[in-house]
Amino acid sequence: MHADDQVGEGVPAELAVFLRGAVDGRPVKIAPSACEGCGGGVFFVLVNASGAERECSGCGSRAFIADSEEYWNEESWEDDEPGAAGCPCGSEEFEAAVAFSLGDDGSVRWVTVGLQCMKDGFCQAPGFVETELGGFLE
């Protein structure tokens, strides 16, 4: 971890370490993903190259992750319609967290979403999730 990293309460330690390793070496702020409806932290996640949407496994409430809503439309999908995130073990339930990579002036340079499987703890950052100041990168 970087000396200036900030990890929010509720981020699983393994997921924080994974996200730290997935970013560009700058300080990061890592925040957990929590359902606004019931406070739950376990989700089914739809992903593509444009973003991610989560569905709470407890109450079914849906929300976009980070700035995904800005890019989540059929025009941007082209040949990349959203699909369910899945773990190699077959599970589709995850805890999620977002790492905001910070510039020297404190501005957000990159956003990386991390998922940790509820069944076996496997951590991943689906390919859509890194964005640099204005758009998602594949």
Side-chain angles (χ1 to χ4, degrees):
M1 299 296 259
H2 191 279
D4 295 327
D5 287 349
Q6 302 169 39
V7 179
E9 188 176 323
V11 176
E14 300 86 0
L15 188 53
V17 169
F18 173 80
L19 281 168
R20 179 71 204 114
V23 297
D24 61 4
R26 298 175 187 266
V28 294
K29 181 175 183 177
I30 302 174
S33 193
C35 177
E36 289 183 16
C38 72
V42 179
F43 305 96
F44 298 101
V45 182
L46 291 174
V47 298
N48 72 0
S50 300
E53 181 182 31
R54 62 182 168 85
E55 179 182 336
C56 179
S57 67
C59 72
S61 179
R62 300 175 78 97
F64 291 100
I65 297 177
D67 61 353
S68 296
E69 185 172 16
E70 295 178 39
Y71 306 97
W72 198 261
N73 59 63
E74 292 182 26
E75 293 169 5
S76 68
W77 295 345
E78 296 179 16
D79 295 326
D80 189 28
E81 288 194 34
C87 180
C89 77
S91 178
E92 294 182 350
E93 290 186 287
F94 300 93
E95 287 184 281
V98 181
F100 300 93
S101 179
L102 307 175
D104 294 335
D105 62 356
S107 64
V108 175
R109 304 295 300 170
W110 292 85
V111 175
T112 305
V113 175
L115 304 176
Q116 183 171 12
C117 178
M118 292 304 298
K119 185 174 180 181
D120 68 4
F122 180 77
C123 293
Q124 62 181 304
F128 74 90
V129 292
E130 294 186 359
T131 159
E132 181 178 17
L133 293 180
F136 284 92
L137 302 175
E138 292 186 52

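Note that the structure is a prediction, hence the values are computed from the model and not measured. Worth knowing before you read on, the calculation uses all heavy atoms, side chains too, and leaves out hydrogens, waters and symmetry mates.
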Requested in this report: State, yes or no, whether a side-chain contact exists between Val98 and Ile30 at a heavy-atom distance under 4.5 Å.
Outcome: no
Report task. For residues Arg54 and Ser33, determine if any side-chain heavy atom of one lies less than 4.5 Å from a side-chain heavy atom of the other. Result -> yes
Query - salt bridge (Lys or Arg N to Asp or Glu O under 4.0 Å) contacts touching residues 33-43 (sequence neighbours left out) - result: none
Report task. State which residues pass side chain to side chain donor-acceptor pair (under 3.5 Å) with Asp105; sequence neighbours excluded, sorted by chain then number. Result -> Ser107
Report summary line: Besides Val42, the hydrophobic cluster formed by Ile, Leu, Val, Met, Phe, Trp and Tyr side chains linked at under 4.5 Å, directly or via other members, contains Met118
Report task. Identify, with sequence neighbours excluded, every residue that meets salt bridge (charged side-chain N to carboxylate O under 4.0 Å, His left out) alongside Glu55. Result -> Arg62
**Report entry** Leu115 side chain reached by Val45 side chain, heavy atoms, under 4.5 Å
**Finding:** yes
**Report entry** Partner residues of Cys38 under the side chain to side chain contact (heavy atoms under 4.5 Å, CB included) criterion, sequence neighbours left out
**Finding:** Cys35, Cys56, Cys59
Query raised in the report: Do you know which two heavy atoms are closest between Phe100 and Ala31, and how far apart they sit?
Result: CE1-CB, 4.4 Å
Report task. To the nearest 0.5 angstrom, please state how far the CG atom of Leu46 sits from the CD atom of Glu92. Result -> 9.0 Å
**Report entry** Minimum-distance pair of heavy atoms, taken over all atoms of Ser101 and Val28
**Finding:** CA-CG1, 3.9 Å
Report summary line: Between Leu15 and Ala97, the two heavy atoms sitting closest are CD2-CB, 3.7 Å
Query raised in the report: Counting N and O atoms only, with roles assigned by atom type, does the side chain of Gln124 sit under 3.5 Å from a partner on the main chain of Cys117, one being a donor and the other an acceptor?
Result: no
Query raised in the report: Are Pro88 and Phe122 side-chain neighbours, meaning at least one heavy-atom pair lies under 4.5 Å?
Result: yes
Requested in this report: Sorted by first residue and then second, give each ring-ring contact (aromatic ring centres under 6.0 Å, His included) pair with at least one member in residues 16-66; sequence neighbours left out.
Outcome: Phe64-Trp72
**Report entry** Nearest heavy-atom neighbours spanning Lys119 and Ser91
**Finding:** CB-CB, 3.9 Å
